[in-house]
Amino acid sequence: MSRHRLGFAVKVLGAGGIPSHDTRRWQSGPHLRVSLDRLDEILSYLERNAITMYRMSSSLAPYATHPDLPEFHHQVDECRDRLAEVGARARSLGVRLSAHPSQYVVLNSESEDVRAAAVRDLELHAALFDAMELDREAVVVLHVGSGGTGAADRFLRGFELLPDAARARLVIENDDRVFSLTDVLDVSRRSGLPVVWDILHHHCHDPAGIPDRDALELALATWPAEVKPKIHYSSPKTAVERRKRRRGRRVETQYVLPPLRAHADLIDPIAFRQFVAHTAAGLDFDIMLEAKAKDLALLRLREQLS
DNA sequence: CGATGTCAAGGAATC
DNA sequence: GATTCCTTGACATCG
């Protein structure tokens, strides 16, 4: 059994599946109030299964930052009491919550409109977490963004646009093609932002060839002493089996290789045990599992480790 | 009811 | 310069 807190992202597949947020389209008036009821149900599920870390949907307040739908803007105010209630429940269960805005939130975009949208989104996430009265361990994870010349500088300028509340929640993650750990550490040094190390991304994109143990230590060192660091852990997807029907009866099996960065359904328990026992020896941090089978992958891994 | 199209959104790769 | 892919599920619509 790992002494690290283990979490999963967004969707609950167990218990017949629990929706992560109000997914109705804007015409049907989706609302944060509904999403919070879902989140409350998910907290019950986490309690039943002794799961203590969870990444919330980044669409809890549907369309709240949409530029053309200003009437959706006040969902946080409309749900103040409920947010405090659900936040208190998460705290009492000892559940560490986080969020990870989508690929469309690009703080270093060359487009002013896109940057402004990113600021709105990060402000919203901070407002939600603050209204839930979550502590500093509840972070908002973001990739640095697009590449090209001056990409890091653009990020720093985007960061300057953020109000303090949003800055205080923000952490940055290495991605699989543009911002390697080295690049993200540089942005961290210049901004003071902590780094979430994603091991699979690191294995996809690491031009400096930093060994895992070094990479892990470098990332953990960017966190303030009073906040427990966290990382992202996943296993690469293996080949996909395809059966091809050939003139009537004959069936031929082929193997299609997925992209290197694709997440497997489950976590490879052998690699994970090795990681915890050796790479992570003596280090204290939480682990967000990213597997297609979500909570089922977490439960399976825990079973395999016990 | 099952199949198919669509969704708010960016950026990189490819053509 | 324009199109496709990435990756993603579920709502919405249509047959």
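Remember, it's a predicted structure, so these values are computed and weren't measured experimentally. Every chain is numbered from 1 and lettered A, B, ... according to where its sequence line falls, protein lines coming before strand lines. Reckoned from all heavy atoms, side chains included, excluding hydrogens, waters and symmetry mates.
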*Classify the ring geometry between A/His232 and A/His100 as parallel (under 30°), tilted (30 to 60°) or perpendicular (over 60°).*
tilted
_Starting the side chain at C-beta, find the nucleotide from B/dC7, B/dA9, B/dA12 nearest to A/Ser102._
B/dA9
*In whole angstrom, what separates A/Arg115's CZ from B/dA9's C1'?*
16 Å
*If you draw the axis of the six-membered ring of A/Tyr54, does the NZ or CZ of A/Arg96 fall within 45° of it and under 6.0 Å from the ring centre?*
no
*Side-chain N,O (A/Ser28) to OP1/OP2 (C/dA12) below 4.0 Å*: yes
*Rounded distance in Å - CZ (A/Arg177) to P (C/dT7)*: 7 Å
_Taking any heavy-atom pair under 4.0 Å as a contact, classify A/Ser109: base, sugar-phosphate, or nothing._
sugar-phosphate
*Calculate the interatomic distance between A/Arg24 atom CZ and C/dA12 atom C1'; express it in whole Å.*
14 Å
*asked:* In whole Å, measure the gap between the C1' atoms of B/dA9 and C/dC5 for me.
replied: 16 Å
*Please determine, for the side chain of A/Val106, which listed nucleotide (C/dA10, B/dG10, B/dA12) has the closest atom?*
B/dG10
_Just the rounded figure in Å: distance from C1' of B/dA13 to CG of A/Asp175._
15 Å
*Could you state the CZ-C1' distance from A/Phe155 to B/dG10, rounded to the nearest angstrom?*
16 Å
*Base C/dC11 to side chain A/Arg25, donor-acceptor N/O within 3.5 Å cut-off*: yes
*Searching all strands shown, indicate the nucleotide that pairs with C/dT7 (Watson-Crick or G-U wobble; both distances under 3.5 Å).*
none
_Within the supplied structure, the quantity of interest is the number of heavy atoms (other residues, nucleotides, ligands) at a distance under 6.0 Å from A/Leu69 CG; does it exceed 12?_
yes
*A/Tyr104 OH to C/dC6 P, straight-line distance once rounded to whole Å*: 13 Å
*Using the C1' atom as the reference point in each nucleotide, state the distance between C/dT8 and B/dG5 in Å, no decimals.*
15 Å
*A/Glu290 has an atom CD; how far is it from atom C1' of C/dT8, in whole Å?*
14 Å
*Which listed nucleotide (B/dA12, B/dA8, C/dA10) is nearest to the side chain of A/Lys11?*
C/dA10
*Does OP1 or OP2 of B/dA8 have a side-chain N or O of A/Trp26 closer than 4.0 Å?*
yes
*In whole Å, what separates the P atom of C/dT7 from that of B/dA3?*
26 Å
*asked:* In whole Å, measure the gap between the P atoms of C/dT13 and B/dA8 for me.
replied: 12 Å
*Heavy atoms under 4.0 Å, any strand shown: does A/Gly145 hit a base, just sugar-phosphate, or nothing?*
nothing
*Is it true that a side-chain atom of A/Asp77 and a backbone atom of A/His74 form a donor plus acceptor pair closer than 3.5 Å?*
no
*Searching all strands shown, indicate the nucleotide that pairs with B/dC15 (Watson-Crick or G-U wobble; both distances under 3.5 Å).*
C/dG1
*Which part of the nucleic acid does A/Arg261 contact within heavy-atom distance under 4.0 Å: base, sugar-phosphate only, or nothing?*
sugar-phosphate
*A/Lys292 vs C/dT8: side-chain N/O to OP1/OP2 distance below 4.0 Å*: yes
_Test applied, side chain to side chain contact (heavy atoms under 4.5 Å, CB included); reference residue, A/Val105; option that passes from A/Val119, A/Val140, A/Asp121_ = A/Asp121
*Counting Watson-Crick and G-U wobble pairs only, both distances under 3.5 Å, name the nucleotide matched with B/dA9, or none.*
none
*Report yes if at least one side-chain N or O of A/Thr23 is closer than 4.0 Å to OP1 or OP2 of C/dC11; otherwise report no.*
yes
*asked:* With a 3.5 Å distance limit and no angle check, can you tell me whether A/Ser111 reaches the backbone of A/Val114 through a side-chain donor-acceptor pair?
replied: yes
_Just the rounded figure in Å: distance from P of C/dC6 to NE2 of A/His263._
15 Å
